[in-house]
There are 2 protein chains.
Amino acid sequence: MLSIGEMARRTGVKVPTIRYYEQMGLIEEAERSEGNQRRYTRRDLERLTFIRHARDLGFEIDMIRELIALNQHPEAPCENADRIAAVHLSGVREKIEKLKKLEHELERIVSHCDGGHRIEDCYVIRALSDHGLCDHEH
Amino acid sequence: MLSIGEMARRTGVKVPTIRYYEQMGLIEEAERSEGNQRRYTRRDLERLTFIRHARDLGFEIDMIRELIALNQHPEAPCENADRIAAVHLSGVREKIEKLKKLEHELERIVSHCDGGHRIEDCYVIRALSDHGLCDHEH
DNA sequence: CGTAAAGCTCTAGTGTCTAGAGATATTATG
DNA sequence: CATAATATCTCTAGACACTAGAGCTTTACG
């Protein structure tokens with residue numbers, strides 16, 4: 001049986017975060033020691049590793065809850081898991097696209113300003129005040 | 001003089017958000033009508049447009065506060081504005097890099113799964129359970 | 001057995017809004 | 001001018017995914 005600190009060390013999930021996941025229903029309430037401290041099984045460790053990994057990949061708590069639920073039915077077809085991951089992937093791609101546009105806009109703004117003049121002439125400030133100086137919509 | 005609703009329509013910032021910005025000190029407390037409703041000037045509109053635009057470009061509230069402060073000193077040199085924007089730009093680039101790694105990981109995971117088999121064999125689920133199936137560190 | 005480290009619960013805070021309740025103000029229509 | 005519809009007011013709480021701290025108890029180790 002593992003203490004919560006052991007779990008934290010092995011998964012890289014911080015102790016308060018583990019308790020938070022329990023509250024959120026991502027992990028089951030652990031057994032307790034005589035003195036009321038949480039004691040985890042190997043299965044709990046696997047579950048937390050799964051969660052950690054999914055969070056690293058940017059899955060939201062709700063998505064993870066769904067994936068866990070799917071995981072409990074090993075004989076079910078896996079279309080749903082596939083769909084969740086695919087939806088997530090397209091969300092990530094959208095974010096990348098948005099950030100790239102933003103990157104270009106900022107590059108353009110910054111490149112016009114070498115820091116060598118006064119605020120009233122600064123392209124950074126002017127670009128923020130006047131949408132007309134932008135390339136794209138946003 | 002513009003009502004808060006007018007301001008919202010013209011800038012695309014929602015009404016409660018405008019009040020929130022006031023609370024956060026991003027915009028000055030507006031004058032009030034006899035019946036205690038906010039009344040804004042053209043200058044307030046410009047300020048809110050600036051904020052909106054900066055938020056769209058992903059600047060955080062604190063950065064915007066700094067930029068506004070700079071904007072109040074038109075004769076000062078603009079190095080600081082330039083620096084803030086440049087720091088922000090490199091933050092955006094980092095985010096893009098991270099998301100791209102994530103994209104590749106997800107692509108790889110999803111491409112292994114066509115939804116046509118059972119959960120117990122599903123690559124999506126297995127990849128989440130077993131870090132060893134990943135390409136990169138994360 | 002004494003102490004330090006780790007654990008417990010509970011509350012509150014982070015950042016950027018968003019939503020709702022219940023009251024008042026303004027505007028439009030008849 | 002009366003009424004109805006819309007807008008606005010303040011205040012509180014909620015969303016997300018944690019994080020921090022207070023004050024107390026349990027466990028591990030020498």
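In what follows, chains are A, B, ... by sequence order, proteins preceding strands, each numbered from 1. In what follows, every heavy atom counts, from backbone to side chain, and hydrogens, waters and symmetry copies are set aside.
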Start with the C-alpha gap between A:Ile4 and A:Gln37, add the side-chain angles, then the distance that decides, and say whether side-chain contact (heavy atoms from CB on, under 4.5 Å) holds.
CA-CA 8 Å; A:Ile4 197 168; A:Gln37 299 192 353; over 6 Å; no

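Looking only at distances, no side-chain donor or acceptor of B:Arg10 sits under 3.5 Å from a matching main-chain atom of B:Thr49. For B:His53 (side chain) and A:Ser129 (main-chain N/O), no donor-acceptor pair under 3.5 Å exists by modelled atom type.
Between A:Met1 atom CE and C:dG7 atom P there is a gap of 14 Å when expressed in whole angstrom units. Counting to the nearest Å, the C1' atom of C:dC8 and the CD atom of A:Glu31 are 17 Å from each other. Between the CD atom of A:Glu29 and the P atom of C:dC8 there is a distance of 12 Å, given to the nearest Å. Atom CD1 in A:Ile4 sits roughly 13 Å away from atom P in C:dA6 (whole-Å rounding). In this structure, A:Ile18 atom CD1 and C:dC8 atom P are separated by 9 Å, rounded to whole Å. Rounded to whole Å, the distance from CE on B:Met7 to C1' on D:dT8 is 15 Å. Between the CD atom of A:Glu6 and the P atom of C:dA6 there is a distance of 11 Å, rounded to whole Å.
One finds the CG atom of B:Asp44 at 9.5 Å from the CD atom of B:Glu46 (value rounded to the nearest 0.5 Å). Between atom CD1 of residue A:Ile64 and atom CG of residue A:Asn71 there is a gap of 12.0 Å, rounded to the nearest 0.5 Å.
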Quick one, give me the B/S/- string for nucleotides 10-30 of chain D, reading 5' to 3', where B means a protein heavy atom under 4.0 Å from the base and S means that only happens at the primed atoms, P, OP1 or OP2.
B------BBS------BS---

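OP1 and OP2 of C:dT26 both lie 4.0 Å or more from every side-chain N or O belonging to B:Ser3.
When the options A:Glu6, A:Glu31, A:Glu22 are evaluated for a salt bridge (charged side-chain N to carboxylate O under 4.0 Å, His left out) with A:Arg38, the one that passes is A:Glu22.
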